[in-house]
Amino acid sequence: MPADLAVIGLGPYGLPLAQAAVAAGIATVGYRTGPEPGSLSPAELRRMLSGGFRTAAGPAELGRVRTAVICAPTPAGPDGGPDLSQVETAARTLAAHLRPHTTVILESPVPPGTTEDLLRPILEEGSRLRAGRDFHLAYSPTRVDPGNRDFTPANTPKVIGGLTPACTESAAAFYSRLTDKVVRARGPREAETVQLLETNFRHVNIALVNEMAVLCHDLGVDLWDVIRCAETKPFGFQAFRPGPGVGGHAIPRDLSGSGRSLRMVELARQVNDQMPRYVVQRAAALLNEHGKSARAARVLLLGVTYKPDLADQQATPAQEVAVRLMELGASVSYHDPHVPSWSVLDRPVPRADSLYEAAADADLTILLQQHRTYDLQGLSVKAQLLLDTRGATPTGAAHRL
């Protein structure tokens with residue numbers, strides 16, 4: 001066999017898995033399911049290639065591996081639920097070349113029941129093999145936190161739910177080569193619902209603290225000090241922090257296909273979706289308080305990625321913030337050490353070369369993402385007006401969300 005592992009889908013879920021597998025010494029081949037933006041640096045890609053990683057020359061190579069993991073993206077569809085078209089395409093491609101004794105694992109974020117009700121029939125029909133008898137089938141929720149140096153695939157427990165106990169053990173044998181701990185779920189539906197719970201837990205708690213940010217501003221309360229004090233509680237509390245909106249690939253999920261939705265998740269989505277608008281309202285109010293109008297004001301946006309110290313702009317709230325500022329008549333520019341060029345509404349946004357000079361020249365600077373390279377103390381001195389949406393500046397150095 002030319003490879004032990006085929007990673008199908010080289011986007012935000014597949015690339016980290018392939019990277020971890022290569023680091024563990026597993027011969028890995030990657031197969032693209034579509035135009036997937038990579039999130040690895042050139043140095044990381046070079047290390048993967050030197051470790052033996054390669055992209056498949058064609059789909060036939062998928063039939064010559066021991067394990068195939070489907071990591072196709074599932075972006076939001078028209079109904080708000082995940083679009084499973086790339087998962088279907090990946091499954092049909094794999095099914096045409098699937099051989100007996102292969103372990104097939106789905107890692108894409110999907111609604112509960114997808115592995116059994118969508119993936120299994122496609123694989124069985126296309127291969128004429130029987131899941132649980134001729135090949136192993138399992139689901140494992142992806143647990144990727146890009147840029148997190150503390151938690152890597154090696155020390156992040158992996159949840160697995162197989163179609164049969166033998167399927168679970170086969171998937172566990174594979175993942176035990178990558179991680180220190182494997183957690184066995186009762187079955188694929190339970191494992192799929194783990195993904196649902198983990199994603200929505202984050203969004204619901206972010207929504208709560210975003211609402212607290214609005215309330216505390218109206219009450220004249222320092223929310224950041226409230227969070228600092230609250231997180232000293234050793235039980236029953238986990239600190240989340242507000243921001244200009246929620247970005248990234250892990251969109252809040254509903255139970256699409258079941259005829260039900262999670263009301264709290266829908267409410268959380270509404271709250272979080274309002275944050276870019278709220279940031280612009282605060283920006284306009286700050287300008288007015290200092291005798292300036294948003295119309296024709298020079299506004300500098302700092303950090304336009306969805307996460308600090310990464311170049312990924314997936315669902316970044318910076319886009320909507322920029323659009324709304326432009327609609328008010330503001331002149332918008334940006335600075336981001338990870339984004340050499342940026343467009344809004346298909347128009348290029350001017351990029352500031354010198355951060356301090358741009359902040360001194362702007363009527364208002366808005367910190368949207370706190371990249372490690374930003375000297376926030378120096379920035380707070382140089383900027384005419386600074387709105388910090390991340391609570392990253394020293395106390396009293398800027399206007400905070």
Side-chain angles (χ1 to χ4, degrees), residues 201-248 264 267-292 294 297 299-309 316-318 320-321 324-325 335 355-356 359-360 362-401:
F201 175 85
R202 171 176 174 257
H203 283 268
V204 167
N205 280 279
I206 290 175
L208 171 62
V209 78
N210 277 338
E211 278 208 304
M212 288 291 296
V214 177
L215 174 66
C216 286
H217 175 70
D218 292 343
L219 297 177
V221 172
D222 185 346
L223 172 65
W224 307 96
D225 192 56
V226 172
I227 296 173
R228 179 185 65 83
C229 295
E231 65 183 346
T232 63
K233 185 180 180 182
F235 54 88
F237 182 80
Q238 180 178 344
F240 284 79
R241 286 168 174 79
V246 179
M264 187 167 290
L267 181 58
R269 193 203 310 255
Q270 294 171 22
V271 170
N272 291 330
D273 286 350
Q274 287 295 316
M275 290 310 291
R277 181 195 300 263
Y278 178 69
V279 168
V280 173
Q281 290 173 349
R282 288 285 304 277
L286 267 177
L287 288 166
N288 286 335
E289 290 170 11
H290 288 78
K292 299 176 182 178
V299 180
L300 173 66
L301 303 181
L302 299 186
V304 297
T305 61
Y306 92 89
K307 197 169 186 183
D309 307 315
T316 172
E320 185 177 347
V321 170
R324 292 188 176 278
L325 285 169
H335 181 279
L355 175 58
Y356 287 153
D363 297 309
L364 173 64
T365 298
I366 306 178
L367 177 67
L368 295 177
Q369 197 55 267
Q370 73 275 32
H371 293 307
R372 191 179 291 111
T373 56
Y374 284 155
D375 172 15
L376 300 181
Q377 179 70 58
L379 181 66
S380 63
V381 174
K382 294 289 186 179
Q384 294 186 43
L385 263 179
L386 178 59
L387 175 59
D388 174 9
T389 68
R390 297 290 182 176
T393 52
T395 303
H399 298 272
R400 288 178 168 182
L401 190 64

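On a predicted model such as this, the values are computed, not experimentally measured, just so you know.
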K.L.:
Kindly check if the number of other-residue, nucleotide or ligand heavy atoms within 6.0 Å of NZ (Lys382) is above 12?
P.N.:
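Atom NZ in Lys382 is not packed in, count stays at 12 or less.
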K.L.:
Where is the tightest heavy-atom contact between Pro242 and Val209, given as atom of each residue plus distance?
P.N.:
N-CG1, 3.5 Å
K.L.:
Is the shortest side-chain heavy-atom distance between Leu301 and Ile366 below 4.5 Å?
P.N.:
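Leu301 reaches Ile366 side chain to side chain.
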K.L.:
Which value, rounded to the nearest 0.5 Å, describes the distance between Leu368 atom CG and Thr305 atom OG1?
P.N.:
9.5 Å
K.L.:
If I compare all heavy atoms of Gly243 with all of Asn210, which pair ends up nearest, and what's the gap?
P.N.:
N-OD1, 3.1 Å
K.L.:
Are side-chain heavy atoms of Glu289 and Leu286 found at a separation under 4.5 Å?
P.N.:
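Result yes, sub-4.5 Å side-chain heavy-atom pair found.
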K.L.:
Determine whether Leu401 and His217 satisfy the following criterion, side-chain contact (heavy atoms from CB on, under 4.5 Å), listing intermediate values before the conclusion.
P.N.:
CA-CA 7 Å; Leu401 190 64; His217 175 70; over 6 Å; no
K.L.:
Would you give the length of the straight line joining atom CE of Met212 to atom CG of Leu219, rounded to the nearest 0.5 angstrom?
P.N.:
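That separation rounds to 8.5 Å.
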K.L.:
Does the side chain of Asp363 reach to within under 4.5 Å of the side chain of Gln384, using non-hydrogen atoms?
P.N.:
yes
K.L.:
Is a donor on one side and an acceptor on the other found under 3.5 Å between the side chain of Asp388 and the backbone of Thr393?
P.N.:
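Indeed, once roles are kept as given, a pair shorter than 3.5 Å links the two residues.
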K.L.:
Which atom pair, heavy atoms only, marks the closest approach of Leu223 to Ala213?
P.N.:
CD2-CA, 3.5 Å
K.L.:
Can you name the salt bridge (charged side-chain N to carboxylate O under 4.0 Å, His left out) partners of Arg277, sequence neighbours left out?
P.N.:
none
K.L.:
Is there a side-chain contact between Gln369 and Thr316, using heavy atoms and a 4.5 Å cut-off?
P.N.:
no
K.L.:
Quick one, Arg390 and Pro244 - any side-chain contact, counting heavy atoms below 4.5 Å?
P.N.:
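Touching, per the 4.5 Å side-chain cut-off.
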K.L.:
Would you mind listing every side-chain hydrogen bond (donor to acceptor under 3.5 Å, both in side chains) that reaches into residues 222-237, with sequence neighbours excluded?
P.N.:
Asp225-Arg228, Glu231-Arg241
K.L.:
Considering the options Asp375, Thr365, Leu386, which one meets the side chain to side chain contact (heavy atoms under 4.5 Å, CB included) requirement together with Ser380?
P.N.:
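With Ser380 as partner, Asp375, Thr365, Leu386 yield a single side chain to side chain contact (heavy atoms under 4.5 Å, CB included), made by Leu386.
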K.L.:
With rounding to the nearest 0.5 Å, note down the distance linking OG1 in Thr389 to CZ in Arg282.
P.N.:
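It is 10.0 Å, given to the nearest 0.5 Å.
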K.L.:
To check you understand the geometry: which heavy-atom pair defines the closest contact between Asn272 and Ala207, and what is its length?
P.N.:
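Minimum heavy-atom separation between Asn272 and Ala207: OD1-CA, 3.2 Å.
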K.L.:
Could you state the interatomic distance from CG (Leu387) to CG (Leu300), rounded to the nearest 0.5 Å?
P.N.:
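Interatomic distance, Leu387 CG to Leu300 CG, rounded to 0.5 Å: 12.0 Å.
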K.L.:
Might you point out which heavy atoms bring Glu320 and Arg324 nearest each other, and give the distance in Å?
P.N.:
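That would be OE2-NE, 2.8 Å.
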K.L.:
Could you pull out all residues at least two apart from Tyr374 that satisfy ring pair (Phe, Tyr, Trp, His ring centres under 6.0 Å)?
P.N.:
His335, His371
K.L.:
Return the CG to CG distance between Leu364 and Leu385, rounded to the nearest 0.5 Å.
P.N.:
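Spacing of CG (Leu364) from CG (Leu385) equals 5.5 Å.
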K.L.:
When you compare the side chain of Leu302 with that of Leu379, does any pair of heavy atoms fall below 4.5 Å?
P.N.:
yes
K.L.:
Does any non-hydrogen side-chain atom of Gln238 lie less than 4.5 Å from one of Asn205?
P.N.:
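No, their side chains stay 4.5 Å or more apart.
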K.L.:
If you compare all heavy atoms of Gly245 against all heavy atoms of Pro276, which two are closest, and at what distance to 0.1 Å?
P.N.:
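In terms of heavy atoms, the two residues are closest at CA-CD, 4.4 Å.
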K.L.:
Side chains of Val246 and Arg202: does their closest heavy-atom pair fall under 4.5 Å?
P.N.:
yes
